[in-house]
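Counting from 1, the numbers follow the sequence of the chain as shown. These values consider heavy atoms only, across backbone and side chains, with no hydrogens, waters or symmetry-generated copies.
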Amino acid sequence: KSPTVMQQYRSGGSGTVLGQPDPEKQRELDYYDRLARDGITDSVVKNSAAKFHAAFDAFEKDLAEHTYLIGTELTIVDVAWYVYVKRLTLAGYPFQRLHPRIDAWFTGLDRRPEFHKAVETPEPLLEKIAANRRAQEAASATLVQVAGL
């Protein structure tokens with residue numbers, strides 16, 4: 001987040017929820033301050049990728065028996081994980097190679113206008129993501145390389 005956005009968040013609102021201090025606001029401020037200062041380390045990337053990999057392995061097994069992540073009907077779980085898969089796809093997570101059933105599940109949902117439109121990525125952001133991926137490839141620091149996927 002830009003310094004301007006962070007300052008607006010810092011000074012905005014009352015800092016309370018239902019009359020009580022909001023502990024999440026300070027946690028979020030601390031997180032973004034640390035991120036601005038330290039960036040995202042390789043160990044954080046590896047740890048996060050390992051957690052996602054384990055979750056996707058479990059879903060991969062479930063999708064061998066079901067159409068959706070927890071059964072035969074679309075649920076909020078599918079909606080939530082669809083967003084994760086969308087973001088991780090943009091980051092270069094190799095779903096097709098590591099989790100082909102997840103890839104097929106995601107592709108099917110992504111073809112549905114109500115899903116695709118809800119998380120449509122603006123073209124300027126896609127251009128920034130592509131430039132970032134090219135820089136990562138040039139530095140041999142893609143998600144696959146850093147996380148050992």
Side-chain angles (χ1 to χ4, degrees), residues 1-60 62-63 68-71 73-99 102-103 105-149:
K1 296 188 184 263
S2 72
T4 302
V5 168
M6 288 303 299
Q7 185 54 42
Q8 289 171 342
Y9 184 57
R10 228 183 256 336
S11 62
S14 65
T16 63
V17 176
L18 300 174
Q20 299 296 317
D22 179 6
E24 296 305 311
K25 184 171 183 176
Q26 190 56 52
R27 256 185 41 183
E28 290 173 18
L29 288 168
D30 292 347
Y31 169 80
Y32 284 112
D33 287 343
R34 189 173 56 254
L35 188 61
R37 184 185 65 243
D38 303 334
I40 300 173
T41 65
D42 285 358
S43 65
V44 168
V45 170
K46 289 176 187 176
N47 186 41
S48 294
K51 289 177 183 178
F52 276 114
H53 193 281
F56 291 130
D57 278 347
F59 285 139
E60 187 76 9
D62 292 339
L63 287 169
Y68 297 104
L69 295 179
I70 60 172
E73 295 189 28
L74 183 68
T75 68
I76 192 68
V77 172
D78 295 284
V79 174
W81 281 92
Y82 168 85
V83 174
Y84 283 125
V85 173
K86 176 73 170 185
R87 290 177 178 171
L88 286 166
T89 296
L90 291 171
Y93 190 95
F95 284 101
Q96 193 170 30
R97 177 171 54 85
L98 295 178
H99 312 287
I102 295 279
D103 186 61
W105 162 86
F106 173 79
T107 300
L109 292 179
D110 200 48
R111 287 186 180 131
R112 295 169 68 160
E114 64 271 26
F115 275 83
H116 185 77
K117 188 172 174 110
V119 294
E120 194 168 6
T121 308
E123 191 59 39
L125 181 54
L126 286 174
E127 291 169 9
K128 286 182 180 182
I129 291 169
N132 189 49
R133 295 272 298 277
R134 287 190 299 274
Q136 289 171 340
E137 288 167 359
S140 297
T142 66
L143 174 61
V144 168
Q145 292 164 315
V146 170
L149 299 171

Measure the spacing between OG1 of T121 and CD of E127 and express it to the nearest 0.5 Å.
->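 Rounded to the nearest 0.5 Å, the OG1-CD separation comes out at 12.0 Å.
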Distance in Å, L35 CG paired with T41 OG1, rounded so as to fall on 0.5 Å steps =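 Reported value, rounded in 0.5 Å steps: 10.0 Å.
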Looking at every heavy atom in both [X] and [Y], which two are closest together, and how far apart are they?
{"X": "R97", "Y": "V144", "result": "NH2-CG1, 3.9 Å"}
{"X": "P94", "Y": "L149", "result": "CD-CD1, 4.0 Å"}
{"X": "L29", "Y": "R10", "result": "CD2-NH1, 2.9 Å"}
{"X": "K86", "Y": "V119", "result": "CE-O, 3.8 Å"}
{"X": "F115", "Y": "L109", "result": "CB-O, 3.2 Å"}

Is any side-chain heavy atom of [X] closer than 4.5 Å to a side-chain heavy atom of [Y]?
{"X": "V79", "Y": "I76", "result": "yes"}
{"X": "W81", "Y": "I102", "result": "no"}
{"X": "E137", "Y": "Q145", "result": "no"}
{"X": "R87", "Y": "Y93", "result": "no"}
{"X": "L126", "Y": "L90", "result": "yes"}
{"X": "L74", "Y": "R112", "result": "yes"}
{"X": "T89", "Y": "F95", "result": "yes"}

For Y31, which of E28, R34, R27 qualifies under side chain to side chain contact (heavy atoms under 4.5 Å, CB included)?
->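 By the side chain to side chain contact (heavy atoms under 4.5 Å, CB included) criterion, Y31 pairs with just one of E28, R34, R27: R34.
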Inspect the surroundings of [atom1] in [X] and state if more than 12 heavy atoms from other residues, nucleotides or ligands are less than 6.0 Å away.
{"X": "Q7", "atom1": "CD", "result": "yes"}
{"X": "I40", "atom1": "CD1", "result": "no"}
{"X": "Y84", "atom1": "OH", "result": "no"}
{"X": "E73", "atom1": "CD", "result": "no"}

Mind checking whether F56 and F52 have parallel, tilted or perpendicular rings, split at 30° and 60°?
->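 Parallel, since the angle between the ring planes stays under 30°.
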Would you please classify the geometry between the F106 ring and the Y82 ring as parallel, tilted or perpendicular, with 30° and 60° separating the classes?
->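 Rings of Y82 and F106: parallel, as their planes differ by under 30°.
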Output, in order, the C-alpha distance, side-chain angles, deciding distance and verdict of side-chain hydrogen bond (donor to acceptor under 3.5 Å, both in side chains) for H53 and D57.
-> CA-CA 6 Å; H53 193 281; D57 278 347; 3.2 Å; yes
Verify side chain to side chain contact (heavy atoms under 4.5 Å, CB included) between L143 and Q136, making sure each step is shown before the conclusion.
-> CA-CA 8 Å; L143 174 61; Q136 289 171 340; 5.9 Å; no
Any donor-acceptor pair under 3.5 Å linking the side chain of D62 with the backbone of I70?
->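 Looks like no, no N/O pair under 3.5 Å.
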Is there a donor-acceptor pair under 3.5 Å between the side chain of N47 and the backbone N or O of V44?
->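 Flag not set: sc N47 to bb V44 has no pair under 3.5 Å.
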Decide side chain to side chain contact (heavy atoms under 4.5 Å, CB included) for V77 and Y68; before the verdict, give the C-alpha distance in whole Å, the side-chain angles of both, and the deciding distance to 0.1 Å.
-> CA-CA 9 Å; V77 172; Y68 297 104; over 6 Å; no
